[in-house]
There are 2 protein chains.
Amino acid sequence: MSMADIKHFDEAQALRRAMDLFWRRGYDGTSLQDLVDELGISRSSLYSTFGDKDELFRAALEHYCRVEAGPRHELLQRPGSVLDAIRDLLTGIAAAPTIHPDRRGCLVVNAAMERVPGDPETAAAVAAQLGRFESALLDAVRRGQRDGELDPGQDARSVARFLVTLVQGMRVVGKAAADPAMLEDVVGVALGAIRRVS
Amino acid sequence: MSMADIKHFDEAQALRRAMDLFWRRGYDGTSLQDLVDELGISRSSLYSTFGDKDELFRAALEHYCRVEAGPRHELLQRPGSVLDAIRDLLTGIAAAPTIHPDRRGCLVVNAAMERVPGDPETAAAVAAQLGRFESALLDAVRRGQRDGELDPGQDARSVARFLVTLVQGMRVVGKAAADPAMLEDVVGVALGAIRRVS
DNA sequence: AGTATCTTGGACTATGCGTTCCAAGTTCCC
DNA sequence: GGGAACTTGGAACGCATAGTCCAAGATACT
């Protein structure tokens with residue numbers, strides 16, 4: 001293998017920029033020219049490095065799951081109060097529209113709504129991500145029930161699924177309604193729903 | 001005004017078919033040729049009747065709100081148990097993926113995710129629809145609290161917003177995950193969250 | 001220094017898109 | 001029956017798109 005095959009650009013940075021572009025404008029809303037301009041590389045390099053538009057989109061989606069969603073799942077494994085961890089998770093999602101006032105929402109939800117049905121690979125990636133979120137929450141809920149913070153009378157898996165679903169709803173509402181107070185109200189009700197009645 | 005201006009096609013039926021097409025395939029996923037083929041009318045008639053693609057999409061979205069969402073709001077005004085009405089509402093939405101196995105989801109959510117940001121008119125229509133849903137739920141929640149079915153200790157508006165958000169999440173999960181049991185679990189937890197503790 | 005190998009930019013291709021336009025056809029009024 | 005008003009189908013237009021290709025440049029090994 002010769003060593004003239006050095007890339008003249010930062011592949012990781014290009015992927016990050018592609019993720020950002022797809023996140024803000026969606027799949028159809030992002031043209032190949034947009035990508036060429038924003039990533040700062042030529043079409044040839046884009047195709048030889050990332051494959052076609054579909055592959056790049058999927059890579060961007062995976063990168064999003066790793067960088068954006070991953071830390072939130074780890075937050076649930078934090079030692080100490082599970083209820084606090086879940087509260088932090090939910091308030092963080094409630095604050096997303098404030099952090100990103102451009103109404104970009106969540107790339108996973110955007111991808112699911114725009115690409116399902118019609119792109120089975122993206123559909124599978126989204127379903128897998130929801131599954132990972134559910135199992136991370138399931139562990140946390142079980143721990144919370146053991147620690148006496150969460151209501152032990154509820155089925156842990158149902159509670160985890162409830163939280164997964166609520167978070168996706170917060171993503172939709174955060175993008176569509178853009179009233180920060182609304183999501184804070186929602187968080188309050190949700191926490192009351194899972195807390196142990198004392 | 002002369003009377004040679006009779007349409008040779010059923011305008012209401014065409015709008016229904018356009019709604020169905022946008023619902024299944026999204027805005028960008030539906031080409032004007034698709035519309036011409038499915039609606040059974042020519043390009044000229046389409047443009048002279050509905051305006052351009054944006055206008056037709058908005059009309060289809062409004063039609064959806066009237067035909068699909070409207071009856072659900074009225075369901076909440078049903079005499080008798082509010083808790084039963086909310087349960088029926090939620091289980092109906094949980095059953096949506098079974099009724100439409102093609103993973104079409106909800107046109108309002110699809111539209112919001114695909115068109116926001118970038119189409120302020122659609123964004124406004126979606127926000128208005130969420131607002132109508134919230135106020136319909138607010139009336140129901142207040143009634144349920146008066147009747148002693150719902151927990152009167154919770155802020156009624158927060159509960160309404162919670163339900164709005166949860167339903168949007170059920171739309172996302174129903175389209176992305178397609179496990180009917182999952183949403184039934186969610187409904188159970190949600191009903192427990194708002195029910196009066198007896 | 002020369003050569004082989006790989007990357008790069010940009011021109012190029014083919015296709016599909018939304019929109020416009022016009023001749024032909026149809027209907028009603030006089 | 002003649003003419004005005006309107007709808008209709010289909011051709012045509014300009015433009016944007018995703019993807020391909022190739023000459024030119026850069027690098028490392030002999």
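Below, read A as the first sequence line, B as the second, and so on, with proteins coming before strands; counting in each chain starts at 1.
In this structure, CZ of A:Phe9 is placed 17 Å from P of D:dA26, rounded to the nearest angstrom. Regarding B:Leu56, its CG atom lies at a distance of 10 Å from the P atom of C:dT19, rounded to whole Å.
A salt bridge links B:Arg58 with B:Asp54: the distance from a Lys NZ or Arg NE/NH1/NH2 to an Asp or Glu carboxylate oxygen falls below 4.0 Å. Using a 4.0 Å cut-off between a side-chain N of Lys or Arg and a carboxylate O of Asp or Glu, A:Glu149 and A:Arg195 do not qualify as a salt bridge.
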One character per nucleotide, please: for nucleotides 9-22 of chain D, 5' to 3', B when the base has a protein heavy atom closer than 4.0 Å, S when only the sugar-phosphate does, - otherwise.
BBB-----SBBBB-
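In summary, the side chains of B:Arg143 and B:Gln77 do not present any donor paired with an acceptor at a separation below 3.5 Å, with no hydrogens or angles considered.
The ring-ring contact (aromatic ring centres under 6.0 Å, His included) contacts involving residues 84-121 of chain A comprise A:Trp23-A:His100, where partners must be two or more places apart or lie in separate chains. Residue pairs satisfying the ring-ring contact (aromatic ring centres under 6.0 Å, His included) criterion with at least one member in residues 128-153 of chain B, sequence neighbours excluded, are listed as follows: B:His73-B:Phe133.
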